[in-house]
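Lettering follows sequence order; numbering is per chain, from 1. Everything quoted here is computed from the prediction, not taken from an experiment.
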2 protein chains.
Amino acid sequence: MIRLSKLTDYAVVVMTAMIQGDGGPHTAISLAERTGLPAPTVSKILKLLARDGLMASHRGATGGYRLARAPEAINVAQIIAAIDGPIALTDCVEGAAGACGVESLCPRRGNWDRVNRAVRGALESVSLADMARPSFPDPVLPKAAPALSATADAI
Amino acid sequence: MIRLSKLTDYAVVVMTAMIQGDGGPHTAISLAERTGLPAPTVSKILKLLARDGLMASHRGATGGYRLARAPEAINVAQIIAAIDGPIALTDCVEGAAGACGVESLCPRRGNWDRVNRAVRGALESVSLADMARPSFPDPVLPKAAPALSATADAI
DNA sequence: TTAAAGGGTACTGATTTGGTCCGGATTGCC
DNA sequence: GGCAATCCGGACCAAATCAGTACCCTTTAA
């Protein structure tokens, strides 16, 4: 499976929890309590998100975090980039010559880039607001197959 | 970054090498020599691909592997599925209740599924033939500046 | 019958990741 | 204006996962 770091999953949980709260700043502790995640982990996630400008942090006694933008203006690709770094499927694009071994086959690098772009576009099309919206009854999903999500995941 | 296993990358290299050879069966050894990859690793990859029906294996003294289908009929999603298993970004869809912690936030699970479908569609749209085709207008930049590729990878 | 080649299993090492801790900075309160 | 409480920031450490390797068995053509 394509592994998306667990931290990224947690990040969506934390950000969703912030949307559901009031507009005031949220402390790492309060978010940890509400999500059930360990406090240091939440703190780490918030730090990464703030570094990439997705969060606005305020220090001091009455400090805390709050979303830098509206949930509709934040997409999944940005969250993944903040936690896991740039979205790329292979490290062949890193520029490391030794990793490839045979350069004659390396032109496929351009094709990997095309795949990366496609995946990135798919991730950018989903906003944080979409993730927060329950939408569980599947009213809008086109082909859905709701209860069979496990089956749907298999290729 | 979204980590795609290195084995999958190697699988594309090996399959590309098979296309470039003649129609006859390829042994794991010969493919290892041509790609520069370690022989046991190539053997492991070929075994996985054969198990999923992407390769046709022939045992015995003059045996070897050959593509089960035309390169146009094999897409990247199938290769990933053969090596890494089903394509899913999070293990929240696995059905493990303990992993989520708070069930009230779990409705986002349905949204992750939508993201998974989008990514899967992007991967299915690229065939092995596409990956083998150079399609590299700029053959110059074998190992160019790492800074360039890094910029291209950034969102 | 022999040799060559795929198929399977188990083990080891390394890389990545998740989790934890401590120091520095800021602000409200006395 | 000083103090103390609170919170952010970076660094460190342990565990899990994964890539890679090696060995042995089965199968099949020569």
Closest non-hydrogen atom pair between Thr16(A) and Leu128(A), with its separation: OG1-CD1, 4.4 Å

Whole-Å distance between [N] [atom2] and [X] [atom1]?
X	N	atom1	atom2	value
Leu4(B)	dC18(D)	CG	P	13 Å
Tyr10(A)	dT17(C)	OH	P	14 Å
Leu7(B)	dT15(C)	CG	P	16 Å
Ile45(A)	dT17(C)	CD1	C1'	13 Å
Leu48(B)	dG7(C)	CG	C1'	11 Å

Degree of bending, the helix from dT1(C)-dA30(D) to dC30(C)-dG1(D) (end axes from five pairs; round to 10°): 10°

For [X], what residues pass the side chain to side chain donor-acceptor pair (under 3.5 Å) criterion, not counting sequence neighbours?
X	result
Ser43(B)	none
Ser57(A)	none
Thr41(A)	none

Protein proximity profile, nucleotides 3-17 of chain D - base contact B, sugar-phosphate-only contact S, no contact -, cut-off 4.0 Å on heavy atoms: ---SSBSB-------

According to side-chain contact (heavy atoms from CB on, under 4.5 Å), who are the partners of [X], at least two apart in sequence or on a separate chain?
X	result
Ala118(B)	Ala122(A)
Pro40(A)	Pro38(A)
Ala129(B)	Pro71(B), Glu72(B), Ser127(B)
Ala73(A)	Arg69(A)

Touch class at under 4.0 angstrom, heavy-atom based, for Pro38(A) against every strand present: sugar-phosphate

